[in-house]
Amino acid sequence: MRAVAGAVGMRAAAVLLGAGCLIWAALPAVHRGYATFVLAVTIAAVAAGGLRLALATVPVPDETYWPSPGVRAWRAFLDVMRQVPWEEGAVIGIAWLEVLHPSRPWHTAVLGAGLIAYLLVVHLAESDARLATLRPQARVLGLGAVVLALGAGAGMLPAAGPGAGSALLRLVAAGALIAAAGLVLPYVARDV
Amino acid sequence: MIPNGPGSPAAGTELELRWRSSRHARRLLTLGLTGLFIAILARRPEFAGLAAPALLLLAAGRARRRPPRITVRAKPTTRRVFEGERLAVDVAADDADEGSVRWRLHPGPEVAPVGATAADGRQARFVVTPERWGRRQIGTLEVTLRDRWRLAEGHATMTLPGLDCYPAPAAQRTTVVLRRLPNRLGEHPARTSGEGIEFSGVREYVPGDRQRSINWAASTRRGRLQVNTFAAERSQDVVLLLDSTSDVGQPGSSALDLALRGAGAAARAYLEARDRVGVITYQWGGASWLAPALGRRQVYRIIDSMLASDAGYSRGASFARLPRAALPPGALVVVFSPLLDQRFVEALRDMRERGFSMLVVDVLNTEPPARRRTEDRLARRLWRMEQDAIRFSLRELGVPVVHWDGEEPLDLPLAAHTRRPMAARR
């Protein structure tokens with residue numbers, strides 16, 4: 001009973017996190033860059049991802065020589081639900097909705113944290129794993145959070161001068177930050 | 001469940017692992033690449049930060065060691081079961097110190113899982129039940145070894161051992177006994193007197209008779225010593241003749257299913273009565289046989305022989321060429337057949353003319369579908385008349401034909417022939 005409640009809770013958390021990230025990235029509404037279309041597709045992707053998790057334990061009907069149209073349709077539906085990468089679509093859509101807004105680095109950093117949490121919870125829900133499974137990754141996730149915050153900080157730095165070169169410089173700084181994080185990674189990722 | 005002898009540890013099978021990124025890793029990669037792509041295109045460093053946790057997780061997970069192979073031990077609790085019985089398959093993975101193991105069972109044809117078909121952990125147990133008799137494959141086992149960070153998955157597939165599923169025997173307690181029995185010690189009272197326990201009459205005492213067999217009451221009445229006589233106890237040879245040329249009806253209750261279940265029940269009943277029982281399986285292209293023998297093991301030998309008929313077409317001997325050992329003279333032949341194959345019916349007539357005492361258990365429980373068209377109705381009627389004619393001709397030859405629906409115990413249709421010894425008419 002406890003396991004079932006845990007599994008249901010994890011699936012619900014995944015859907016809520018996906019919906020939260022979507023709302024966070026979509027508001028305030030913008031009307032350019034196919035925003036409405038991308039929003040609709042992303043809503044569908046988040047909902048379908050949730051449905052996929054809900055249907056994960058539903059068995060596929062047995063193979064028969066002449067399955068009824070209903071059985072065939074149900075099997076095709078389950079196939080589509082399980083094969084299509086809904087979460088990847090949702091992530092791309094959410095990032096696209098975020099980039100349509102003017103630069104808001106702290107907002108993007110929160111979205112980044114939300115997205116990584118969404119993907120981790122989806123993973124836990126689909127593999128019926130407990131939260132403790134992520135314990136060995138805690139240090140790396142912590143390092144990632146630091147880099148995320150530093151990236152947002154880099155985005156908030158005022159431009160050194162007008163023109164594209166200044167923005168590029170900030171980007172290079174962020175890239176260097178990720179590279180530096182990669183260098184310390186072997187020491188951080190050592191097993192507990 | 002049929003015992004399989006003392007359990008022994010299963011031998012390990014080394015399986016090559018095919019490693020690939022997990023779905024989780026692909027999602028993280030999507031997030032990382034999307035973030036970096038947008039950061040470069042839009043020149044917004046905060047998106048590089050958004051990509052960082054996912055990329056760092058992937059980089060850290062990539063550095064981990066992945067075993068190239070895994071040793072899997074799979075052992076079913078038994079290799080022989082009856083239809084509908086359950087058996088468990090215990091699986092265990094060695095060399096999986098790091099990471100988690102996920103098992104997924106893909107049951108073979110006519111094998112149904114009982115409970116979950118997926119499990120986590122280094123050891124797992126799957127319970128399955130074969131739905132229909134035959135030599136079956138339990139199925140295949142898919143092993144997925146995930147690294148500790150669950151970013152990569154190693155996949156391997158293993159074919160589970162085969163399984164002999166025996167037909168669930170029907171209920172039969174009574175046996176048909178021939179009037180004329182061979183001169184061999186057994187449990188059926190014969191018409192001749194001997195050392196049995198069934199009283200057969202009284203006769204005058206002759207020197208050498210046992211004193212304990214003197215019937216004092218009769219001796220007092222007649223004035224001379226009288227002794228009790230008893231029926232001799234004999235055994236008979238029983239040959240089960242199985243027609244596996246026609247398998248009609250719904251799977252699970254088809255003619256061949258009923259024939260096998262009935263033959264299994266008859267083999268048990270006659271072997272329990274200390275008769276020698278053999279089997280002849282008639283199939284396309286010939287017949288396979290097992291000579292009559294005694295003992296409990298013979299039940300399994302008979303069923304194994306019948307299961308071999310599941311293999312389909314096989315070339316063997318015809319009835320005329322069957323050796324004396326397979327069809328001993330004076331044997332009772334119990335036939336399980338839907339009587340659809342004309343050549344089989346001819347073979348039965350031939351055997352009857354050669355003097356064998358026979359009893360046919362008709363296991364046909366299906367008919368051509370009822371349709372509205374006149375031609376179809378006419379064809380159905382002709383078919384019925386033909387079937388009636390076949391059964392009538394066998395009865396005319398002195399071969400009793402009883403119908404069995406597979407639901408009731410076999411004792412009911414055989415009741416008319418089990419009450420008294422069956423005469424071997426010539």
Side-chain angles (χ1 to χ4, degrees), chain A residues 59 85 87-89 91-92 95-96 98-99 103-109 111-113 115-116 119-120 122-123 126-129 133 136-137 139-141 143-157 164 167-168 170-175 177-178 181-182 185-186 188-189 191, chain B residues 22-65 98-100 102 106-107 109-113 116-120 131 144 146-151 153 251:
Chain A
E87 287 82 10
E88 280 96 320
V91 163
I92 294 170
W96 182 258
E98 177 66 14
V99 84
S103 179
R104 42 182 189 176
W106 67 270
H107 193 280
T108 308
L111 179 68
L115 280 177
I116 201 86
L119 294 187
L120 290 173
V122 164
H123 168 60
E126 74 180 358
S127 56
D128 285 329
T133 315
Q137 307 171 26
R139 286 184 183 181
V140 177
L141 285 171
L143 180 66
V146 169
V147 178
L148 182 67
L150 289 174
M156 290 164 90
L157 284 175
L168 205 61
R170 287 191 300 166
L171 195 62
V172 169
L177 206 62
I178 294 178
L185 194 62
V188 175
D191 285 341
Chain B
S22 69
R23 213 165 173 170
H24 178 48
R26 291 201 292 273
R27 284 193 288 258
L28 288 175
L29 189 66
T30 305
L31 177 61
L33 290 181
T34 306
L36 279 183
F37 191 66
I38 292 175
I40 291 166
L41 279 190
R43 291 175 183 165
R44 284 164 67 169
E46 64 269 25
F47 276 91
L50 183 142
L55 293 177
L56 288 176
L57 269 178
L58 284 172
R62 193 81 195 161
R64 311 224 55 88
R65 191 184 71 85
E98 285 201 3
S100 61
R102 186 167 182 81
H106 300 282
E110 310 274 4
V111 174
T117 54
D120 290 309
E131 292 175 322
T144 307
R146 292 179 181 138
D147 69 352
R148 206 165 167 197
W149 290 46
R150 300 196 172 208
L151 294 170
E153 291 174 344

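Convention: sequence-line order gives letters A, B, ...; per-chain numbering from 1.
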Over all atoms of both residues, closest heavy-atom pair of B/R44 and A/V99: NH1-O, 3.1 Å

A/A109 versus chain B, the contacting section by heavy-atom distance below 4.5 Å: neither

Heavy atoms, side chains only, cut-off 4.5 Å: are B/R146 and A/S127 in contact? yes

May I ask you to test the B/L28-A/I116 pair for a side-chain heavy-atom distance under 4.5 Å? yes

With a 4.5 Å heavy-atom cut-off, do A/L120 and B/H24 have their side chains touching? yes

Which bit of B/I38 is near chain A, if near means a heavy-atom gap under 4.5 Å: side chain, backbone, both or neither? side chain

Listed by chain and number, what are the side-chain hydrogen bond (donor to acceptor under 3.5 Å, both in side chains) partners of B/R26, not counting sequence neighbours? none

Where B/P53 and A/G144 come nearest, the two heavy atoms and their spacing: CG-O, 3.6 Å

B/L33 portion near chain A, given a 4.5 angstrom heavy-atom threshold: neither

Please name the pair of heavy atoms, one in A/V140 and one in B/A60, separated by the smallest distance, quoted to 0.1 Å. CG2-CB, 3.9 Å

Interatomic distance, B/L50 atom CG to A/T108 atom OG1 [nearest 0.5 angstrom]: 7.0 Å

Could you grab the distance from atom NE2 of A/H123 to atom CG of B/L151, nearest 0.5 Å is fine? 7.5 Å

When every non-hydrogen atom of A/L148 is compared with those of B/G49, the smallest separation belongs to CD1-O, 3.0 Å

Report the residues that fulfil side-chain hydrogen bond (donor to acceptor under 3.5 Å, both in side chains) with A/E126, sequence neighbours left out, ordered by chain and then residue number. A/R52, B/R27

